[in-house]
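So that the names make sense, note that chain A is the first sequence line, chain B the second, and so on, each numbered from 1. Computed from a predicted structure; not experimentally measured.
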Amino acid sequence: MQEYNPQKIEEKWQKRWAKDKIFKTKDGSKNPKFYVLDMFPYPSGAGLHVGHPKGYIATDIVSRMKRMQGFEVLHPMGWDGFGLPAENYALKNKIHPKSAVKENIKKFKAQLNKIGFDYDWSREINTTEPNYYKWTQWIFLQMFKKGLAYESYEPINWCPSCKTGLANEDLEHGKCERCGSDIEQKPMRQWVLKITDYAERLLEDLKLLDWEEQILEMQKNWIGKSCGADVDFKIDKRDEIIKVFTTRPDTLFGATFMVLSPEHSSVEEITTNVQKSEVKKYQEQARKKSDLERTDLEKEKTGVFTGAYAINPVNNEKIPIWIADYVLMSYGYGAIMAVPAHDERDFEFAKKFKLPIVQIDLEDKEKMIKWLEKNKNGRRAVNYKLKDWVFSRQRYWGEPIPIIKCEKCGNVAVPEKELPLKLPEVKHYEPTGTGESPLANIKEWVNTTCPKCKKRAKRETNTMPQWAGSCWYYLRYIDPENKKELVDKNKEKYWMKPKGVDLYVGGAEHATRHLIYARFWHKFLQDIGVVSTSEPFHRLFHVGLIAAEDGRKMSKRWNNVINPDDVIQEYGADSLRLYEMFMGGFSEGTAWNTKGLVGTTRFLKKVWQIQYKPKKQSSKSDRLLHQTIKKVTEDIENFKFNTAISQMMILTNEMEKQKEIDINHYLLFLIILAPFAPHISEELWESLKNKKSIFLEKWPEYNPKLIKEETFNLIIQINGKVRDKIEVEAGISEEKAEELALSQEKIKKWLENKKIKKIISVENKLVNIVV
RNA sequence: GCCGAGGUGGUGAAAUUGGUAAACACGAUGGAUUCAAAAUCCAUUGCUCGCAAGGGCUUGUGGGUUCAAGUCCCACCCUCGGCACCA
C-alpha cells in the first residue's frame with residue numbers, strides 16, 4: 001500500500017501530458033467544436049494569488065469533460081501585456097516593461113502549470129509581440145479607413161498622475177481606475193473610436209447572448225439608451241436656435257426656463273452685456289471645479305442668468321435662459337428645457353432662483369412628437385450615455401498608432417505592408433506630462449516620409465490603450481501563426497460558427513470595458529468580412545472573487561495574499577482545485593479558508609484508499625453511481641461545481657463503507673472525477689493497469705431507468721406538519737398511499753376526535769391530511 | 001436616488017423551482033486506535049422544553065395567498081456589486 005503523495009504524482013502527470021501532447025487542439029477535425037476561453041491575464045509582478053485560478057479551474061473542468069464527450073476543444077491561454085499596469089510596474093521597479101513582462105509571464109506560466117491546466121501552449125499569444133500587434137494595428141487602420149477612428153480635440157479625462165488621457169470606461173467614481181487620482185477635464189488632441197455608431201447594435205444584440213442578467217444589465221445601463229425628442233428653441237430676437245434633448249416631450253407646456261451647461265458654445269453669443277461679467281465669473285468657477293465637486297449630489301444648485309430668452313415652441317412664451325453646472329456638456333446637447341413641475345432638479349433650481357413653476361396637463365408623448373415634427377421645431381430622437389472611445393494614450397507601453405501626420409495630406413495610414421509598426425526600443429520611457437507621448441522624443445522614429453506625397457512627415461506618437469489587444473485575441477488563438485491574415489477564413493468558420501466562443505469566463509469588472517469593446521470590434525470585423533458571426537462570446541459566466549481570510553481583498557498591502565504554490569506544496573494541486581470549486585457558488589464571492597482544504601484532501605485520500613479494497617467484477621450497474629454520473633455531468637454544464645463535488649463525496653462515502661468494490665464502478669467514477677482532480681485520477685487509472693490516458697476515455701452516460709429509486713419516504717402530514725414518514729415502494733397509487741397513511745398508528749393517534757376535511761396527495765411524495 | 005444580486009446552523013453552504021429545511025464539508029464534543037501525538041475510524045451536533053416517550057419553534061422583519069411557503073404576492077430593514085445632477 002502506498003500513501004497518497006500528490007506532489008510526486010502531479011509533477012509526473014504534468015510532464016507526461018506535455019510530452020504526449022494529450023491536449024493539443026487539432027485543426028480540420030470532423031468532430032463538433034467547443035471553444036472555452038478564459039479572460040487572459042495581465043502578467044503582473046506579484047504573480048498569481050489563490051483567487052486568480054478559480055475561473056481557470058472551472059474552464060479546465062469543462063474543457064476536459066467536453067473533450068471526453070467527443071468535442072474538439074480549444075482551450076488556450078495567453079498574455080495581455082500592454083498598458084498602464086505593466087508600464088507603471090516597470091517604472092516603479094526600474095526595469096524596462098519589455099523585460100518585466102517577459103519575466104512575469106515566465107513566473108505566471110510556471111504557477112499555472114503547477115495547477116495542471118490542459119492548455120494547448122502551442123497556441124500561446126502575447127499582445128506585446130509585434131506579430132500579434134501587427135493585427136491590432138491592422139484593425140485600427142480598417143477603422144480609420146471607414147471613418148470610425150478619428151482625431152478630436154474635445155476635452156477628455158486626464159489623469160495627472162498617470163499623465164495620460166483616459167476613456168470614460170477607465171474611470172471609477174470619477175477617479176483614475178489605476179491610481180485613484182482625481183481626473184481633470186483637459187482639451188487635447190486625441191484619437192477616438194466611434195463606438196457610438198454601434199450603440200444600437202450593441203444594445204439590441206444583447207438579446208442573443210446567454211449571459212448572466214447582472215452583466216447584461218451593466219452593459220445596458222452603460223449604453224444608456226433614452227428615447228424622446230430633440231426640440232428646437234428659438235432665441236428671442238435672434239435667428240439662432242438652441243437644441244435640447246428631452247425624454248419627456250409631453251411636458252413641454254411646463255417648460256418655464258432653459259438651462260445651458262457653462263461650456264455650451266452659445267453662451268458667449270447670447271449673453272447680454274449686463275450679464276457678461278456674472279456669466280464669465282460663473283464659467284470660470286465651473287472650470288476650476290473638479291468633476292467630483294461638480295457632480296456632488298449633496299451640493300446646492302448654482303447658476304447665473306444670461307439675460308437672454310428662448311421661445312417655447314408650444315405656447316410662444318418667452319422663457320429665460322440660465323447657465324448652471326448641473327447641466328453636463330457631455331450628455332445630449334449640453335442644454336435642457338427645464339420643467340420644474342416634473343423634474344426634481346429643475347424644481348430645486350426654480351425654487352432657489354424664484355423661477356416660475358406651472359402645473360400642467362400632460363400631453364400624449366407620441367402626439368407631441370408628431371406635432372413637433374409637423375411644425376418643424378423638433379423631431380423624434382434617441383440618446384445614449386455611451387461615449388466614443390478615447391483611444392490614444394500619451395504613454396510608451398502600447399501599440400503605436402499606425403498613422404503618419406503630413407502637413408499637406410493630413411493623417412495618412414501607414415501602408416499595411418509596413419505593419420507591424422514596431423514600438424521602438426528606448427532607454428527613457430517615462431511619461432512626459434506635456435500631452436505628448438515619450439515616443440515624440442525619438443527623432444529617428446518620429447521623422448519619416450508621407451506615404452502619399454513622399455514629403456517629410458512625422459509619425460503619430462500616441463499609443464493604444466491597454467484594452468486594444470484584448471478586443472480580438474480570441475480570434476488569434478484560432479490561427480496564431482498566420483502571417484497573411486488575422487485569421488484564416490475556414491478556421492474562423494469552424495471555431496466561431498454558429499455561436500462564437502461557446503463559453504467565456506472572467507471577472508465582472510470587465511462588464512463595461514473589455515466586454516463592450518470586444519463586442520464593438522467584433523461587429524466591425526463582421527462588417528468588413530473578417531468574422532462570420534455578430535457576437536464573439538455566446539455564454540458568459542463571471543467568477544466570484546475570493547477574498548482573503550480576513551475578508552479583505554487579497555493584496556500585498558494587507559499582507560494577506562495566499563500563493564497557490566504554497567497551497568500546492570502542502571495539499572497538492574488536485575486538492576486546491578477541488579477546494580476552489582467546492583467553496584460555494586461559482587459566481588459568488590467567498591473568503592479563503594485554508595482549513596477548508598482539509599475536507600477536499602480527506603476526500604482525495606479516501607478515493608486513493610479505495611483502490612486497495614477487495615475488488616469484484618459484476619455486470620450489475622449501480623444506482624448511486626449512475627445518479628452521480630447524471631448529477632456531475634449536468635452540474636458541470638451548469639457551472640454548479642460545488643454540488644457536483646458533494647455528490648462525488650456521497651458516492652465515495654458509500655464505496656468506503658462497502659466490504660468490496662466493483663472495479664468497473666470505481667473506474668467509471670475515476671473518469672468523472674478526472675476533470676476536477678486530473679492527477680490522482682490519471683495515477684489511479686494507470687495503476688489499475690490502463691496504459692492510455694484517462695482523458696482519452698469516453699465520458700460515461702447514465703442509464704435513466706436505473707437512476708429512479710425503487711422505494712421512497714412517504715411523508716405523512718396533518719395540516720401541513722410532518723407527523724410520520726414511511727418507506728413505500730415507488731409508484732404506488734394515491735389511494736393506496738392515503739390508505740397506508742391513515743392506517744399508521746401514529747397518525748391514528750393524531751386523528752382521534754378530529755374530523756377529516758380533505759386529503760391531499762402528491763405522487764411519490766406526500767399525503768397531507770387536513771382536519 | 002436608480003438598476004442588479006443576496007440575507008438559511010458555530011462556519012462555507014445545499015434544497016429537483018410550491019411538497020421532509022439544513023445535503024456535502026469545516027469546526028466542536030464524546031469514543032476507538034496509540035506509550036503519546038498526528039493520521040484514520042465510529043457516534044452526536046439548528047434552537048428549545050423534557051429523565052424519557054414525545055412536543056414546540058426555526059430560512060432578515062411584519063403581513064398575505066395556499067392543504068402546504070426558504071421558494072409566490074405586498075410593505076419594510078440590512079449587506080454586496082454597478083450607475084449616478086443622463087435631461
For residues 763-771 of chain A, which side-chain N or O atoms pair as donor and acceptor with protein atoms under 3.5 Å away, sequence neighbours left out?
unit_1, atom_1, unit_2, atom_2, d
A:Asn764, OD1, A:Gly731, N, 2.9
A:Asn768, OD1, A:Asn719, N, 3.4
A:Asn768, OD1, A:Gly720, N, 3.0

For nucleotides 26-31 of chain B, print each protein N/O atom paired with a nucleotide N/O atom at under 3.5 Å, atom names and distance only.
unit_1, atom_1, unit_2, atom_2, d
B:C26, OP1, A:Arg602, NH1, 2.4

Does A:Lys220 reach a base, just sugar-phosphate, or nothing at all? Heavy atoms under 4.0 Å. nothing
Mind jotting down which residue pairs meet the salt bridge (charged side-chain N to carboxylate O under 4.0 Å, His left out) criterion with at least one end in residues 749-759 of chain A? Sequence neighbours excluded, please. none
Sorted by number, residues from residues 249-261 of chain A placing a heavy atom under 4.0 Å from RNA chain B are none
Kindly say whether the aromatic ring centers of A:Trp322 and A:Phe353 come within a distance under 6.0 Å. yes
side-chain hydrogen bond (donor to acceptor under 3.5 Å, both in side chains) pairs, two or more places apart, involving residues 625-638 of chain A: A:Lys66-A:Glu637, A:Gln627-A:Glu709, A:Thr628-A:Gln647, A:Lys630-A:Glu634, A:Lys631-A:Asp635, A:Thr633-A:Trp699, A:Asp635-A:Thr643
Can you give me the N/O atom pairs linking the protein to nucleotides 14-17 of chain B at distances under 3.5 Å, or say none if there are none?
unit_1, atom_1, unit_2, atom_2, d
B:A14, OP1, A:Asn642, ND2, 2.9
B:A15, OP1, A:Lys640, NZ, 3.4

Could you pull out the protein-nucleic contacts involving nucleotides 63-71 of chain B (nitrogen or oxygen on both sides, under 3.5 Å)?
unit_1, atom_1, unit_2, atom_2, d
B:C67, O2', A:Asn768, ND2, 3.3
B:C67, O2, A:Asn768, ND2, 2.6

Counterpart residues, side chain to side chain contact (heavy atoms under 4.5 Å, CB included), relative to A:His514 (two or more places apart): A:Met39, A:Trp467, A:Ser470, A:Tyr473, A:Tyr504, A:His510, A:Ala518, A:Phe537
Please write out the pairs of protein N or O atoms and N or O atoms of nucleotides 5-10 of chain B separated by less than 3.5 Å, giving the distance to one decimal.
none

Output a table of donor-acceptor pairs, distance under 3.5 Å, between side-chain atoms of residues 592-599 of chain A and any protein atom two or more places apart or on a different chain; print 'none' if there are none.
unit_1, atom_1, unit_2, atom_2, d
A:Trp592, NE1, A:Thr594, OG1, 2.9
A:Asn593, OD1, A:Lys595, N, 3.1
A:Thr594, OG1, A:Glu549, OE2, 3.3

For A:Lys606, check side-chain hydrogen bond (donor to acceptor under 3.5 Å, both in side chains) against everything at least two apart and list the hits. A:Asn653
Only pairs under 3.5 Å count here: list side-chain donor-acceptor contacts from residues 582-591 of chain A, not counting sequence neighbours, and write none if there are none.
unit_1, atom_1, unit_2, atom_2, d
A:Ser587, OG, A:Glu212, OE2, 3.0
A:Ser587, OG, A:His542, O, 2.6

